Trainee: 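Take a look at this one; I'll ask things after.
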Amino acid sequence: MSVAGELRVLLEQAVLEIGAVEARFEIEEPANPAHGDLASNVALTLSKALGRPPRQIAETLAAGMLRANPALVTGVEVAGPGFLNFRISPGAYQVELQTLLQEGERFFRPQLGNGERVQVEFVSANPTGPLHIGNGWLGTYGDALARLLSFAGYQVVREYYVNDTGGQIRTLGASILAASKGEALPEEGYKGDYVFTLAAGYSGPDDVVAAGRWAVPIILDEIRESLESLGIGFDSWFSQASIEDSGAVAEVVHRLEESGAVYEQDGALWFEATRFKDSRDRVLRKSNGDYTYLAGDIAYHYNKLAIRGFDLVVDVFGADHHGQVSSIKAAMEALGIDPARLDIRIGQMVSLMTDGEAVKFSKRAGTAVPLTWLVDELGADATRLLILSSSIDRAAQVDLARAKATSMDNPVYYMQYAHARIAALFRNASERGVSISGLEGADLSVLVEARELELLKQVLRLGQVVEMAVLERAPHKVTAWLMDVSAAFHRFYHDLSVLGAEANVRDARLALVRGTQIALQTAFSVLGVTPLEEM
RNA sequence: GCCCCUGUAGCUCAGCGGAUAGAGCAGCUGCCUUCUAAGCAGUAGGUCGUAGGUUCGAGUCCUACCGGGGGCGCCA
């Protein structure tokens, strides 16, 4: 059990002893070291129920806590409005390090998934042109999220929904045909250079659908390649055409009809989505007999949740697809599927600055900055860490010139440098004939320096950070931890010699460094970043 | 007009309802005969958009307003 977990048990007992039945409280690591190793607000939350001032409750609790477990708690003080600040015995942290060294990466694994089957759908960009930076942004997010879920014990399937049918494919075909005949491209057509490249290779019939369908696999190959260059891979590429051809759309519409949530008007078939908290009703089948995109999307989600039966489906959409959310959720509810099983994450748009001027993404105008450009400039790992340092809720602003110019000063290298220094330490240890096997047996009780304990506590936090990152679907929290732990490591490395220390201290420090290495590698791994052995 | 996201240091961004709001970059000052100075230490820089409210306690929650982004098709 973690140090905070043990403390919680003690506190709960202490609370019972003073006659409070149920207490909800937090145990946290104070930002200010003067406030101890761990702190709790328990007295503040109990104040109202007990009708006593918080500081008085805190005093009573503190007295009990000191006697409870001297091996864990070495000091308690009441501070501020009634906080309990605890001094924790270094031994408690040393024991945890021992466990970490024995268990390895598993030490940090949150038991959340329990083998539940989760599908993460992301990117799913229309196969009508090369990916742009926005796709890479949410693609990296989705990929990291999939890795996190998998690490946390979920059985994860990553899927790309291929929109290989409908109007955009016709538009693509029309653009290719026009280009191949040397005609002006359609007003609403695709206009990038790739259209002309495709046109030069097209020798099929003079038919927009044929030309569009011909181009899809070619473009998909390119998409797959640029995703792979960023370390993003999929288990499944699910074709929209396949679901239409299978009759699944008609079937799911029929199910909605049976549920009574459907009506006809103006020759079209409508889904009464307002009954399920959507802002307006939605057309399922147009008056010309074609199904709408929404009908297909409902069938697709029905396929995921009911046919394939994933326990949980996570969709990663861009903000421009936000409008779909309430409709799909409404449809799932109408079909008797618990909407909580569908977790839709909306990533805000990424805007791009060049020379201080905003560049607008538009695939159709052919002005989009290709994803491959960014990856070529920065490299996959730096690109991923750049993306994974901020929340997707915020519309990120990337200055292309700056991202490139500061690449050598990038925070990325701060984290990588910590890992590289550790690798160098172990290389040097071997060269000097210092054994680095059996570190888990080292006597860790000599780890008492402030720098050592600071680093150790930071390392041990990873499990809780990963858990929060999974629950909040927020991989960037892991990146923030990487910055923190790297800082703690650099300070430790700067102030204390590892290989130059007395043998027993040296071995204990090597054990700490090994623990740090495992933690760093675990974090890099869930982010899909390759740690550097040297720089 | 309605819905979603957002406003924190010069810039890019962190910040589970807690104590003195942080990091990187940019600025200034120190530190390499010592395991990698892509590092460390110090310094400077803030009305957390504005105004109310809830709370023992609000950057964090609620309401209104202001600014920025996105969405409101028988397109996909």
Side-chain angles (χ1 to χ4, degrees), chain A residues 26 28 30-32 34-35 39 41 44-45 47-48 53-54 79-83 85 126 128 163 165-171 188 240 265-270 279-280 282-294 296-297 318-326 346-351 353 386 389-399 402-403 405-406 408-414 416-418 420-429 431-432 434 464 468 471-472 476-477 479-480 483-484 486-487 489-491 493-501 506 509 513 534-535:
Chain A
E26 303 292 329
E28 59 181 18
N32 185 343
H35 295 150
N41 61 350
L44 292 156
T45 62
S47 173
K48 189 166 273 181
F83 288 104
N85 293 338
N126 291 335
T128 52
N163 186 199
T165 178
Q168 305 211 38
I169 297 304
R170 280 195 292 273
T171 304
E188 292 296 307
Q240 183 186 0
Q265 189 181 321
D266 305 328
L269 193 68
W270 293 72
S279 58
R280 49 166 292 166
R282 309 282 172 176
V283 174
L284 293 171
R285 194 172 56 223
K286 310 180 208 173
S287 50
N288 69 4
D290 289 348
Y291 288 109
T292 57
Y293 176 83
L294 175 64
D297 215 15
D320 53 341
H321 289 80
H322 178 99
Q324 298 168 21
V325 175
S326 48
I346 301 298
Q348 298 304 310
M349 304 273 95
V350 182
S351 62
M353 313 286 283
L386 172 72
S389 356
S390 55
S391 153
I392 60 162
D393 290 339
R394 173 195 288 259
Q397 308 228 339
V398 184
D399 192 306
R402 201 163 171 278
T406 63
M408 288 309 273
D409 266 321
N410 210 293
V412 169
Y413 294 92
Y414 188 80
Q416 289 281 22
Y417 190 37
R421 278 180 147 176
I422 289 172
L425 268 178
F426 286 124
R427 283 195 300 270
N428 291 333
E431 277 170 24
R432 299 185 190 189
V434 174
Q464 154 196 339
M468 200 176 296
L471 292 174
E472 296 178 19
H476 76 273
K477 292 193 183 272
T479 315
M483 281 301 283
D484 289 343
S486 300
F489 177 77
H490 288 311
R491 283 191 287 267
Y493 184 92
H494 182 269
D495 287 1
L496 302 170
S497 174
V498 176
L499 298 178
R506 178 197 65 202
R509 287 184 181 161
V513 169
E534 58 185 326
M535 297 182 67

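These numbers come from the heavy atoms of this one structure, side chains and all, not from hydrogens, waters or symmetry mates. Note that the coordinates shown come from a computational prediction; the quantities given were computed from them, not determined experimentally. Chain letters run A, B, ... following the sequence lines, proteins first, then strands; residues in each count from 1.
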Trainee: For Q397(A), give me all partners under side chain to side chain contact (heavy atoms under 4.5 Å, CB included), at least two apart in sequence or on another chain.
Mentor: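 Partners of Q397(A) by the side chain to side chain contact (heavy atoms under 4.5 Å, CB included) criterion, ordered by chain and then number, come out as S351(A), M353(A).
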Trainee: Mind checking if S326(A) touches a base, just sugar-phosphate, or nothing, with heavy atoms under 4.0 Å?
Mentor: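 The residue S326(A) makes no contact with any strand.
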Trainee: Is the shortest side-chain N/O distance from R509(A) to OP1 or OP2 of C35(B) below 4.0 Å?
Mentor: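 No, outside the criterion.
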Trainee: Output the rounded distance in Å from NE2 (H322(A)) to P (G71(B)).
Mentor: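 Going from NE2 in H322(A) over to P in G71(B) covers 11 Å.
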Trainee: Have a look at I346(A) and say if it touches a base, only the backbone sugar-phosphate, or nothing, with a 4.0 Å heavy-atom cut-off.
Mentor: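 It contacts nothing in the nucleic acid.
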Trainee: For M535(A), report the nucleic acid contact type (base, sugar-phosphate, nothing); a contact means any heavy atom under 4.0 Å.
Mentor: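 Base contact - M535(A) has a heavy atom under 4.0 Å of at least one base atom.
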Trainee: How is T479(A) classified with respect to the nucleic acid when contacts are heavy atoms under 4.0 Å: base, sugar-phosphate, or nothing?
Mentor: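 Since no nucleic acid heavy atom lies under 4.0 Å of T479(A), the category is nothing.
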Trainee: Hey, does the side-chain of S287(A) have a donor or acceptor N/O within less than 3.5 Å of a partner on the base of C74(B)?
Mentor: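 Indeed there is one.
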Trainee: Any base atoms under 4.0 Å from N41(A), or only sugar-phosphate, or nothing? Heavy atoms, all strands.
Mentor: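 Contact class for N41(A): base.
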Trainee: Contact class for L496(A) vs. all strands (heavy atom < 4.0 Å): base, sugar-phosphate, or nothing?
Mentor: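 Base, at least one base atom sits under 4.0 Å.
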Trainee: I'd like to know whether L499(A) forms a side chain to side chain contact (heavy atoms under 4.5 Å, CB included) with N428(A), so could you lay out the CA-CA distance, the side-chain angles of the two residues, the decisive distance to 0.1 Å, and finally the verdict.
Mentor: CA-CA 8 Å; L499(A) 298 178; N428(A) 291 333; 3.6 Å; yes
Trainee: According to a strict under-4.0 Å criterion, is R280(A) in side-chain N/O contact with OP1 or OP2 of G71(B)?
Mentor: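 Checking R280(A) against G71(B): no side-chain N or O falls below 4.0 Å of OP1 or OP2.
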Trainee: Side chain of D393(A), heavy atoms from C-beta onward: which of A41(B), C5(B), A38(B) has the nearest atom to it?
Mentor: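 The listed nucleotide nearest to D393(A)'s side chain is C5(B).
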Trainee: Choosing from C13(B), G15(B), G24(B), which nucleotide comes nearest the side chain of P411(A)?
Mentor: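 Within the option list, the nearest is G24(B).
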Trainee: Is the glycosidic torsion of C32(B) within 90° of 0, making it syn, or is it anti?
Mentor: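 Syn conformation here, the glycosidic angle of C32(B) being no more than 90° from 0.
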Trainee: By the 4.0 Å heavy-atom rule, please label D266(A) as base, sugar-phosphate, or nothing.
Mentor: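 The answer is base, as D266(A) lies within the cut-off (heavy atoms under 4.0 Å) of a base atom.
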Trainee: Which of the following nucleotides, G70(B), C13(B), C74(B), is nearest to the side chain of A268(A)?
Mentor: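 My answer, after comparing the listed nucleotides, is C74(B).
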Trainee: Mind checking if S389(A) touches a base, just sugar-phosphate, or nothing, with heavy atoms under 4.0 Å?
Mentor: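 If one applies the 4.0 Å heavy-atom cut-off, S389(A) turns out to touch the sugar-phosphate alone, with no base involved.
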Trainee: Using OP1 and OP2 only, check whether a side-chain N or O of K286(A) sits under 4.0 Å from A76(B).
Mentor: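 Yes, K286(A) has a side-chain N/O under 4.0 Å of OP1/OP2 on A76(B).
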Trainee: In whole angstrom, give me the gap between the C1' atoms of C48(B) and C40(B).
Mentor: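 Straight-line distance between the two C1' atoms is 30 Å.
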Trainee: Which nucleotide sits closest to the side chain of Q240(A): C35(B), A76(B), G71(B)?
Mentor: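 For the Q240(A) side chain, the nearest candidate turns out to be A76(B).
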Trainee: Nearest heavy-atom pair of P30(A) and A39(A): which atoms, and what distance?
Mentor: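 Closest heavy-atom pair between P30(A) and A39(A): CG-CB, 3.7 Å.
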Trainee: Would you call W270(A) and R280(A) a side-chain contact if the rule is heavy atoms closer than 4.5 Å?
Mentor: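 Yes, close enough: below the 4.5 Å cut-off.
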Trainee: Counting only side-chain nitrogens and oxygens, does R282(A) get under 4.0 Å of the OP1 or OP2 atom of G73(B)?
Mentor: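 Result: no.
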Trainee: Which is true for Q464(A) with a 4.0 Å heavy-atom rule: it touches a base, it touches only sugar-phosphate, or it touches nothing?
Mentor: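 The answer is nothing, as Q464(A) stays clear of every strand by at least 4.0 Å.
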Trainee: Can you see if the side chain of R285(A) gets near the phosphate of C74(B) - specifically, an N or O under 4.0 Å from OP1 or OP2?
Mentor: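 Result: no.
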Trainee: Name the closest nucleotide to the H476(A) side chain, picking from C40(B), A14(B), G70(B).
Mentor: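 Looking only at heavy atoms from C-beta outward on H476(A), the closest nucleotide is A14(B).
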Trainee: What dot-bracket string describes RNA chain B from 5' to 3', counting Watson-Crick and G-U wobble pairs whose defining distances are under 3.5 Å, with [ ] for crossing pairs and | for pairs to another strand?
Mentor: (((((((..((((....[...)))).(((((.......))))).....(((((..]....))))))))))))....
Trainee: Residues in side chain to side chain contact (heavy atoms under 4.5 Å, CB included) with E534(A), at least two apart?
Mentor: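 Per chain and number, E534(A) pairs via side chain to side chain contact (heavy atoms under 4.5 Å, CB included) with R427(A).
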Trainee: Please name all residues satisfying side chain to side chain contact (heavy atoms under 4.5 Å, CB included) with A420(A), sequence neighbours left out, ordered by chain then number.
Mentor: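 By the side chain to side chain contact (heavy atoms under 4.5 Å, CB included) rule, A420(A) matches M535(A).
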Trainee: If you check the H490(A) side chain, which of C4(B), A76(B), G39(B) turns out closest?
Mentor: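 Nearest listed nucleotide: G39(B).
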Trainee: Among residues at least two apart in sequence or on other chains, which ones pass side chain to side chain contact (heavy atoms under 4.5 Å, CB included) with S391(A)?
Mentor: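 Scan of S391(A) (side chain to side chain contact (heavy atoms under 4.5 Å, CB included), adjacent residues dropped) gives D393(A), H476(A).
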Trainee: Would you sort out whether V513(A) and F426(A) count as a side chain to side chain contact (heavy atoms under 4.5 Å, CB included), showing the intermediate values?
Mentor: CA-CA 9 Å; V513(A) 169; F426(A) 286 124; 4.0 Å; yes
Trainee: On the nucleotide C4(B), are OP1 or OP2 found under 4.0 Å from the side-chain N or O atoms that H321(A) carries?
Mentor: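 Checking C4(B) against H321(A), no side-chain N or O comes under 4.0 Å of OP1 or OP2.
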Trainee: Could you check which of C13(B), U36(B), C74(B) has an atom nearest any side-chain atom of A420(A)?
Mentor: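 When the side chain of A420(A) is considered, U36(B) is the closest of C13(B), U36(B), C74(B).
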Trainee: Could you check whether Q416(A) gets within reach of a base, just the sugar-phosphate, or nothing at all, counting any heavy atom under 4.0 Å?
Mentor: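 Answer is nothing: Q416(A) stays at 4.0 Å or more from every strand.
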Trainee: Is there a donor on the side chain of R394(A) or the base of U12(B) sitting less than 3.5 Å from an acceptor on the other?
Mentor: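 Answer no: no donor N or O sits under 3.5 Å from an acceptor.
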Trainee: Between U36(B), G69(B), G15(B), which one does the side chain of Q348(A) approach most closely?
Mentor: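 When the side chain of Q348(A) is considered, G69(B) is the closest of U36(B), G69(B), G15(B).
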Trainee: Can you identify which nucleotide, out of A76(B), C40(B), C74(B), has its nearest atom closest to the V283(A) side chain?
Mentor: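 When the side chain of V283(A) is considered, C74(B) is the closest of A76(B), C40(B), C74(B).
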Trainee: Grab the N/O contacts between the protein and nucleotides 19-22 of chain B below 3.5 Å, and write none if there aren't any.
Mentor:
residue: A19(B); atom: N6; partner: N85(A); partner atom: OD1; Å: 2.8
residue: A19(B); atom: N1; partner: N85(A); partner atom: OD1; Å: 3.2
residue: A19(B); atom: N1; partner: N85(A); partner atom: ND2; Å: 3.2
residue: U20(B); atom: O4; partner: N32(A); partner atom: ND2; Å: 3.4

Trainee: Choose from A76(B), C16(B), U36(B) the nucleotide whose nearest atom is closest to any side-chain atom of M468(A).
Mentor: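 From the listed options, C16(B) comes nearest.
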Trainee: Quick check on U36(B): is either OP1 or OP2 less than 4.0 Å from any side-chain nitrogen or oxygen of Y414(A)?
Mentor: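 Checking U36(B) against Y414(A), no side-chain N or O comes under 4.0 Å of OP1 or OP2.
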